[in-house]
Visitor: 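Shown below is the structure under consideration.
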Amino acid sequence: MSQPGFFEQVYAVVRRIPKGKVTSYGRIAHMLGHPRAARAVGYALNALKDRENDPAYHHIPWHRVINSQGRISIVNREHTALEQAELLRAEGIAVSEDLQIDLNQYLWEGLHWAEIDNILNGRFS
DNA sequence: ACAGTGACAACAT
DNA sequence: TATGTTGCCACTG
C-alpha cells in the first residue's frame with residue numbers, strides 16, 4: 001500500500017467506470033482537477049503491472065481507459081493493446097480492427113461532483 | 001534535489 | 001486526414 005496520492009485517486013475513478021463503457025486519460029485528469037495531467041494518468045495505469053501481487057490493486061478495469069481520439073493507445077505496447085481490445089469486446093464493446101471505438105456510443109458520462117469530492121478527500125474504497 | 005520517463009493531448013504543418 | 005512537435009506532470013532512482 002502506497003501513500004495516498006494522485007495514483008490512488010486515478011484508481012478510485014477507474015474502478016467506477018461501468019462495464020461496457022470507456023473514458024479517456026484526459027477526462028480522468030479533468031475529473032480530478034488536474035486538466036493537463038493526462039500523461040500522469042497513463043503512468044498510473046502503467047504502474048499497475050508492478051503491483052500484480054497486491055490484491056488491493058486487482059480488479060481495476062484499466063482496459064476501459066483509452067485516448068481522447070477513442071482509440072486504444074498502442075505506443076510501445078502492442079501486445080497489451082490487443083489484450084485490451086479483447087477485454088473490451090468481451091464486455092460488449094465494438095472495437096474495430098484498427099483499435100478504434102465509437103465514443104458516441106460507449107463514452108462514460110463520468111462521476112457527479114459529490115463522488116469526485118469524496119475521492120479528492122480520500123473517502124474512497 | 002533533480003533530471004529522466006511515459007498506456008496523453010493540443011497544435012501546427 | 002496524417003505526421004511531427006511541444007507542453008504537461010506525478011513519480012522514480
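In what follows, chains carry the letters A, B, and so on, assigned in the order in which the sequence lines appear, proteins first and then strands, with residues in each chain numbered from 1. Quick caveat: nothing in here was measured; it's all calculated off a predicted structure.
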Visitor: Does atom NE2 (H79(A)) have a neighbourhood of more than 12 heavy atoms from anything else shown, all under 6.0 Å?
Guide: no
Visitor: Between P on dA10(B) and CZ on R27(A), what's the gap in Å once rounded to a whole number?
Guide: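 To the nearest whole Å, that distance equals 10 Å.
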Visitor: Taking OH from Y25(A) and C1' from dG7(C), how many angstroms apart are they, rounded to a whole number?
Guide: 19 Å
Visitor: Using atom CD1 of I17(A) as one end and atom C1' of dA7(B) as the other, report the distance to the nearest whole Å.
Guide: 13 Å
Visitor: Once you apply a heavy-atom cut-off of 4.0 Å, does S24(A) come out as touching a base, just sugar-phosphate, or nothing?
Guide: sugar-phosphate
Visitor: Are there over 12 heavy-atom neighbours, none belonging to R27(A), within less than 6.0 Å of that residue's CZ?
Guide: no
Visitor: May I ask you to check whether over 12 heavy atoms, not counting those of K49(A), lie within 6.0 Å of atom NZ?
Guide: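 Yes, the 6.0 Å shell around NZ holds more than 12 heavy atoms from other groups.
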Visitor: Do any side-chain nitrogens or oxygens of S68(A) fall under 4.0 Å of OP1 or OP2 in dA9(B)?
Guide: yes
Visitor: Restricting to nitrogen or oxygen on both sides, can you table the protein-nucleotides 9-13 of chain C pairs closer than 3.5 Å?
Guide:
{"residue": "dA10(C)", "atom": "OP1", "partner": "H34(A)", "partner atom": "ND1", "Å": "3.1"}
{"residue": "dC11(C)", "atom": "OP1", "partner": "F6(A)", "partner atom": "N", "Å": "3.3"}
{"residue": "dC11(C)", "atom": "OP1", "partner": "F7(A)", "partner atom": "N", "Å": "3.2"}

Visitor: Atom CE of M31(A) to atom P of dA9(B): distance rounded to whole Å?
Guide: 12 Å
Visitor: Side chains of V14(A) and P61(A): does their closest heavy-atom pair fall under 4.5 Å?
Guide: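 Contact flag for V14(A)/P61(A) side chains = yes.
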Visitor: List the atom of G92(A), the atom of Y106(A), and the distance in Å for their closest heavy-atom pair.
Guide: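 Minimum heavy-atom separation between G92(A) and Y106(A): O-OH, 3.7 Å.
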Visitor: To the nearest Å, how far apart are L103(A) CG and dA9(B) C1'?
Guide: 14 Å
Visitor: Please tell me whether E91(A) and H63(A) have a donor and an acceptor in their side chains that are separated by less than 3.5 angstrom.
Guide: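 Indeed, the side chains of E91(A) and H63(A) share at least one donor-acceptor pair under 3.5 Å.
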Visitor: Hey, which of these two, N46(A) or Q69(A), hits DNA chain B nearer its 5' end, going by closest nucleotide?
Guide: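 Of the two residues, N46(A) wins.
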Visitor: In whole Å, what is the span from the CG atom of L32(A) to the P atom of dC8(B)?
Guide: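 Taking CG of L32(A) and P of dC8(B), I get 17 Å after rounding.
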